[in-house]
Amino acid sequence: MHDDLVGLPPAVTESLTGYPERDDAAVALAAETFRAAMATRRTVRDFSDRPVPRAVIETCLAAAHRAPSGANQQPWHFAVIGKGSIRKRIRAAAEEEEQVFYRERAPREWLQALAPLGTDWKKPFLETAPWLIAVFGARHSTGPDGARHKHYYVPESVCLASGFLLCALHHAGLATLTHTPSPMGFLNGILERPEHEKPYLLIAAGHPARNCEVPAITHKPLDAVTSWF
Ligand code: IYR
């Protein structure tokens, strides 16, 4: 054992559950079923105002909350907004930032990259979608004695949980949009989150609008983003 580990409490273990033995065919079928399900996910910008029960969102958040995280610290916070008045405030603040982005801040090259997606500063979905989830990452936590505990790998952990959340919402049949207004500091103000929490992502979730259109885009072939050794 490395000398620095001397004196630290030993890890407590328990038996692994949840991995019943499957033959290769069953593993391949499960992999293919999930691949096909994820291939239907699209980023949606045109939502129906059809309500989604809060319990569904809670269940999806419980799935996200099982994502791996640095030192198992779960350094995320999900601020879940169903109230129309708060969605309205978030939309107004986001659109204010986005107007500056599209009119002044974004270099031509960035606007060119976004052109196939057809995005602009208008974000009506922030009010139409029944739920918004703002995902924050906490740089530290505070113990009951007031002591600060630093968190590790915060961006990585928050992004993993966000990925789990997108999968869970999609699996439930809900459409999602990952919105990253920049800068996003206004979310701390509106959602009353402390300064040591950084907003990473605003996720809109709900049913897609009837006759919803999405950009006709393609993906790089898998072998363009894969190397095997
Ligand atoms: N935040 C802006 C711009 C934007 C940037 C990227 I990179 C995108 O993939 C999509 C949009 C917006 O939300 O419109």
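First listed ligand is number 1; within each ligand, the first listed atom is number 1.
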Would you call Arg105 and Glu97 a salt bridge, using N to O less than 4.0 angstrom? yes
Would Arg91 and Glu127 pass as an ion pair if we require N to O under 4.0 Å? yes
What residues come within 4.0 Å of ligand 1, counting heavy atoms only? Glu98, Phe101, Tyr102, Trp110, Leu114, Asp120, Lys123, His179, Thr180
Using a distance-only test with no angle check, is there a side-chain donor-acceptor pair under 3.5 angstrom linking Thr176 and Arg41?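 Note: Thr176 and Arg41 side chains meet the donor-acceptor criterion.
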Quick one: do the Asn211 and Glu213 side chains pair a donor with an acceptor below 3.5 Å? no
Less than 6.0 Å separating the ring centroids of Trp110 and Phe101?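 Close enough - the centres of the two rings lie under 6.0 Å apart.
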Assert yes or no for the condition that the ring centre distance of His140 to His196 is strictly below 6.0 Å. yes
